[in-house]
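Below you'll find the structure, written out as structure tokens, and then a few comments.
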Amino acid sequence: MAERVGGMHLQLTRLNKYRHVVFTGPSGSAARIVNLAPQPSPAENDQRGDKRELTEEEDAFIRSVFACAGLDAAAYRPESLRRRVQACLRAVRASSILEARRALAANPSLVPVVIDAMVIGVSSFFRDPAIYDQLAFNVLPSLFRANRSPVRAWSVGCSQGQELYSIAILLAELGLLDGCYLLGTDCRTEAIDRARGGYYDAASLRNVPRAWVEKYFHPQLDRWRVVSALRTAVQWRTADVTRVQEPGIWDLILCRNMTMYLRPQASGRLWELFERALRPGGYLVLGKAERPTNAKRLSPVGPCLFRRDRG
């Protein structure tokens, strides 16, 4: 399958069980292949295990830490939070909740460390092939053709930024990046700081083709840094989407593997928010286990992909 968008010629090929997106110039030269091999979902894996409720001690500790960070622990499923308590204790080198409380009281700067351990934030470049097939061939080109204006994309729960940088790379390859407004938000300050810095180790780039690594990343000692042109095209902000709505109308919203950790009431509010925030004809990208229940104007159009109905 092939299509010409902007100054690029796109071709999708299949090799064995893997999919590859091939970008070539108008003459067919300088092919760059994106290996979009299927990846397991750490978020889905984390849902395994028992579903015991929080103890009173665990509940009080979590609510206290979330309040210090300006977050609402009541929005999250208690069983998801309970499974992360031990990770929080390890993060502050505590053997018990009492010891962790004392550590936080003595050093409040550890609060973001605990939140970073408590709130799952796993992402990677070009994760899930079917989704990026849709984004490369259908979503981004159709948004450009429909609006004839730069794309406005919002990555909710962006973690360390790999997903939004992946969108920026696709837009750059399509010749559509100039003027786009790309925003990534996450409730964890440390995750936003890492996304803004744009540093990644070699393992993080395993799904990025070598030609794109060389084009969009610079080696920095034992790491790779996203080039300045992409970093300046993306904005980052620490924000809790369960409390704060980002202003404006969006063409593309990505919120993958986050609502599965929220209580139904909180996720329901997000579906309403996304419906209002999306431009008619805009797209919402979710995780494999997520569906915008009770959303009246979001129709499924592909794997994990929903379009805001017009009218």
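Please read all numbers here as calculations on a predicted model, not as lab measurements.
Under the salt bridge (charged side-chain N to carboxylate O under 4.0 Å, His left out) criterion, Glu272 pairs with no residue, sequence neighbours left out. Every ring-ring contact (aromatic ring centres under 6.0 Å, His included) that Phe66 has, sequence neighbours left out, goes to Tyr76. Here Arg63 pairs with Asp59 under the salt bridge (charged side-chain N to carboxylate O under 4.0 Å, His left out) rule; sequence neighbours left out. By the ring-ring contact (aromatic ring centres under 6.0 Å, His included) test, Trp250 pairs with Trp154, Tyr181, sequence neighbours left out. With sequence neighbours excluded, the residues satisfying salt bridge (charged side-chain N to carboxylate O under 4.0 Å, His left out) with Glu190 are Arg194. Residues meeting the salt bridge (charged side-chain N to carboxylate O under 4.0 Å, His left out) test with Arg243, sequence neighbours left out: none. For Thr293, there are no side-chain hydrogen bond (donor to acceptor under 3.5 Å, both in side chains) partners two or more places apart in sequence or in a different chain. The ring-ring contact (aromatic ring centres under 6.0 Å, His included) check on Phe61 picks up nothing, with sequence neighbours excluded. For the side-chain hydrogen bond (donor to acceptor under 3.5 Å, both in side chains) test, residues two or more places apart in sequence or in another chain that qualify with Thr55 are Glu58. Take Phe274 and apply the ring-ring contact (aromatic ring centres under 6.0 Å, His included) test, not counting sequence neighbours, and it matches no residue.
In this structure a side-chain-to-backbone donor-acceptor pair under 3.5 Å is present from Asp186 to Ser159. Of the possible donor and acceptor atoms, none in the side chain of Glu163 sits under 3.5 Å from a partner among the backbone N and O of Cys158. Of the possible polar contacts, none joining the Tyr132 side chain to the Ile167 backbone as a donor-acceptor pair under 3.5 Å is found.
Side-chain atoms of Ser124 and Gln162 form no donor-acceptor pair, as typed in the model, at a separation below 3.5 Å. Looking at Asp72 and Thr242, their side chains never bring a donor and an acceptor atom within 3.5 Å of each other.
Scanning both residues, Ile192 and Gly184, for their nearest heavy atoms gives CD1-O, 4.0 Å. Annotation for Ser142 and Tyr283: closest pair OG-OH, 3.5 Å, computed over non-hydrogen atoms. The nearest pair of heavy atoms linking Leu143 to Gly282 is CD2-CA, 4.4 Å. Contact between Cys180 and Pro150 at its shortest, heavy atoms only, is N-CB, 3.5 Å. When all heavy atoms of Val227 and His218 are compared, the pair lying nearest together is CG1-NE2, 3.6 Å. Between Arg77 and Leu262, the closest heavy-atom pair is NE-O, 3.0 Å.
Counting only heavy atoms from C-beta outward, the side chains of Val151 and Leu176 never approach each other to under 4.5 Å. Side-chain contact between Ser64 and Arg101: present, with at least one pair of heavy atoms (C-beta onward) separated by less than 4.5 Å. Between Leu254 and Val156 there is no side-chain heavy-atom pair separated by less than 4.5 Å. Looking at Val139 and Leu252, their side chains come closer than 4.5 Å, going by heavy atoms from C-beta outward. A heavy-atom distance below 4.5 Å is found between the side chains of Cys187 and Val119. Residues Leu298 and Asp309 are not in side-chain contact: their nearest non-hydrogen atoms beyond the backbone lie 4.5 Å or more apart. In this structure, the side chains of Arg263 and Pro78 come closer than 4.5 Å at one or more pairs of heavy atoms. In this structure, the side chains of Asp193 and Arg196 come closer than 4.5 Å at one or more pairs of heavy atoms.
In this structure, Val301 is a member of the same hydrophobic cluster as Val285, with clusters built from ILVMFWY side-chain heavy atoms closer than 4.5 Å.
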Next on the checklist: What verdict does the side-chain contact (heavy atoms from CB on, under 4.5 Å) test give for Phe126 and Leu170, after you've listed the backbone C-alpha separation in whole Å, the side-chain angles of each residue and the deciding distance to 0.1 Å?
Outcome noted: CA-CA 10 Å; Phe126 299 105; Leu170 290 183; 3.9 Å; yes
Item to check | CA sep, side-chain torsions, deciding dist, call: Ile62, Met118, side-chain contact (heavy atoms from CB on, under 4.5 Å) | outcome: CA-CA 9 Å; Ile62 290 171; Met118 179 64 69; 3.7 Å; yes
Next on the checklist: Applying side-chain contact (heavy atoms from CB on, under 4.5 Å) to Arg127 and Asn257, what does each step give before you reach the verdict?
Outcome noted: CA-CA 12 Å; Arg127 189 177 74 185; Asn257 300 318; 2.9 Å; yes
Item to check | side-chain contact (heavy atoms from CB on, under 4.5 Å) evaluation trace for Lys288 with Arg256 | outcome: CA-CA 8 Å; Lys288 293 179 181 179; Arg256 302 179 61 195; over 6 Å; no
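Residue pairs that meet the side chain to side chain donor-acceptor pair (under 3.5 Å) test with at least one member in residues 230-239, sequence neighbours left out, are Arg237-Glu246.
Annotation: the span from Asp178 atom CG to Leu171 atom CG amounts to 10.0 Å, rounded to 0.5 Å. Between Leu278 atom CG and Ile249 atom CD1 the span is 8.5 Å, to the nearest 0.5 Å. In this structure, Leu110 CG and Arg93 CZ are separated by 10.5 Å, a value rounded to the nearest 0.5 Å. Note that CZ of Arg84 and CG of Asp116 are 9.5 Å apart. Values are rounded to the nearest 0.5 Å. Rounded to the nearest 0.5 Å, atoms SG (Cys304) and CZ (Arg291) are 6.5 Å apart. Put simply, CG on Leu273 and SG on Cys255 are 9.5 Å apart, with the number rounded to the nearest 0.5 Å.
Salt bridge annotation for Arg210-Glu214: present, with a cationic side-chain nitrogen under 4.0 angstrom from a carboxylate oxygen. Note on Glu173 versus Lys215: salt bridge recorded, some NZ/NE/NH1/NH2 to OD/OE distance being below 4.0 Å.
Of the candidates Trp212, Phe217, Tyr216, Phe125 forms a ring-ring contact (aromatic ring centres under 6.0 Å, His included) with just one, namely Phe217. Exactly one residue among Arg279, Arg152, Arg145, Arg308 makes a salt bridge (charged side-chain N to carboxylate O under 4.0 Å, His left out) with Asp251. That residue is Arg279.
At most 12 heavy atoms of other shown residues, nucleotides or ligands fall within 6.0 angstrom of atom CG in Asn294.
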Please table the atom pairs, donor to acceptor, closer than 3.5 Å between any side-chain atom in residues 198-205 and protein atoms at least two apart or in another chain.
residue : atom : partner : partner atom : Å
Tyr199  : OH   : Arg225  : NH1          : 3.4
Tyr200  : OH   : Gln160  : O            : 2.5
Asp201  : OD1  : Ala203  : N            : 3.3
Asp201  : OD1  : Ser204  : N            : 2.9
Asp201  : OD1  : Ser204  : OG           : 2.7

